[in-house]
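The block underneath contains the structure these notes are about, expressed in structure tokens.
Order of listing sets the numbers, starting from 1, for every ligand and every atom in it. Numbering of residues begins at 1 and proceeds along the displayed sequence.
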Amino acid sequence: VSIDSQHGALQLNQYKLLDNIGQGSYGIVKLVYNEEDETHYAMKILSKKKLMKKAGVFGRMIPGKKGSANPLAKVYREIALLKKLDHPNVVKLVEVLDDPDEDNLYLVFELVHRGEILQVPTDKPLDEETARKNFRDIVMGVEYLHYQRIVHRDIKPSNLLVDSDGRIKIADLGVSTELRACGELLSGSTGTPAFAAPETTMPGVHYSGTLCDVWSMGVTLYCLVTGRIPWDGTGSIIGVQAAIRNEPLKFPEKPVISKDLRDLISRMLNKNPLERITLSEIKEHIWLTN
Ligand SMILES: COc1ccc(C(=O)/C=C\Nc2cc(OC)c(C(=O)O)cc2Cl)cc1
């Protein structure tokens with residue numbers, strides 16, 4: 001992996017590094033141009049040191065906590081997962097550049113041309129017709145992941161990318177978990193607090209990862225059609241978790257949400273995971289089928 005500046009743009013092997021197109025707790029995503037196949041890609045740049053530090057604080061071998069000593073194992077597990085996935089509604093990993101002596105790790109993905117589906121909050125939410133088209137793709141993508149025994153655990157608008165043909169691809173399996181046995185229960189909280197199911201906020205409670213993904217899809221669908229998150233608990237994580245656990249779901253006056261859509265969102269945001277609508281029931285719901 002040699003980086004030499006050429007006409008001012010950084011070069012990484014056959015990739016010319018261009019603009020920053022994504023930013024998050026994970027690191028950054030750059031638009032890159034592959035000179036060999038004359039194609040643009042999205043390159044996610046991860047710092048191993050940063051991953052070690054992050055894992056170092058939380059990843060310390062807590063007695064009895066499963067998981068490997070090497071915090072990078074998580075990233076390599078994500079990469080192994082991504083390499084085996086192949087679905088029109090999941091981002092496609094095409095190459096990994098990993099120089100053992102280098103701090104950075106480069107994940108090269110097929111470019112999903114129009115980027116994130118929606119910035120939240122926004123005063124220009126999607127109309128129901130567009131939201132329905134997009135949500136159908138999201139359901140297919142999540143169903144595929146669950147079929148592969150993977151729970152995403154961080155479904156939210158910024159991880160949903162729109163391709164040039166308007167189709168949605170799910171991104172960021174960074175905090176996903178591969179279930180050893182299907183139906184395996186999980187514990188601990190990961191992902192983004194405002195999108196996390198109430199049962200994930202109770203310490204020591206074991207919960208179904210697939211039902212949590214349904215909850216996050218519900219919060220996401222609410223965001224797509226209202227432009228806001230349903231519970232924001234004055235910004236603090238504890239505040240948002242308390243609001244999610246205790247406050248009833250409310251829809252804003254504007255924009256007007258149809259009865260069928262309000263019904264679907266309410267069933268996905270049922271605080272009791274055992275009563276919550278499942279993915280297969282979502283596929284039969286009148287808002288998605290009519
Ligand atoms: C305006 O045009 C734009 C076109 C593409 C983008 C874009 O791609 C952004 C993020 N991308 C990604 C993020 C990921 O994680 C967080 C992962 C992953 O780890 O799975 C993969 C990808 Cl691709 C942005 C703007």
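At a heavy-atom distance under 4.0 Å, only backbone atoms of H113 (N, CA, C or O) approach ligand 1.
Looking only at protein heavy atoms, the nearest one to atom 16 (C) of ligand 1 is Y26 CE2, 3.3 Å. The protein atom (non-hydrogen) at minimum distance from atom 13 (C) of ligand 1 is V29 CG2, 3.9 Å. The nearest protein atom to atom 3 (C) of ligand 1, hydrogens excluded, is given as G115 CA, 3.5 Å; this is a heavy-atom distance. Nearest protein heavy-atom contact of atom 15 (O) of ligand 1 is K44 NZ, 3.2 Å. Nearest non-hydrogen protein atom to atom 23 (Cl) of ligand 1 is F109 CB, 3.7 Å. The protein heavy atom nearest to atom 4 (C) of ligand 1 is V112 O, 3.3 Å. Closest to atom 18 (C) of ligand 1 among all protein heavy atoms lies D172 N, 3.2 Å.
A salt bridge is defined here as a Lys NZ or Arg NE, NH1 or NH2 lying under 4.0 Å from an Asp or Glu carboxylate O, and K283 with E143 meets this definition.
Below 4.0 Å from some heavy atom of E78 lie the following atoms of ligand 1, by number and element: 19 (O). Remark: ligand 1 atoms within the under-4.0 Å shell around heavy atoms of V91 are 20 (O).
Counting heavy atoms only, L161 comes closest to atom 22 (C) of ligand 1 of the residues V162, I21, L161, V75.
Atom CD in E199 sits 11.0 Å away from atom CZ in R245 (nearest 0.5 Å). Atom NZ of K48 and atom CG of D98 lie 4.0 Å apart (nearest 0.5 Å).
K169 does not count as a contact of ligand 1, since none of its heavy atoms falls under 4.0 Å from the ligand.
Within 6.0 Å of OH in Y76 there are more than 12 heavy atoms belonging to other residues, nucleotides or ligands. Heavy atoms of other residues, nucleotides or ligands lying less than 6.0 angstrom from CD1 of I237 number 12 at most.
L211 and V142 fall into different hydrophobic clusters, where Ile, Leu, Val, Met, Phe, Trp and Tyr residues are linked whenever their side-chain heavy atoms come under 4.5 Å apart, directly or through other members.
Of all heavy-atom pairs between L264 and I277, the closest is CD1-CD1, 4.1 Å. When all heavy atoms are compared, the tightest approach of R136 to N290 is NH2-O, 3.8 Å.
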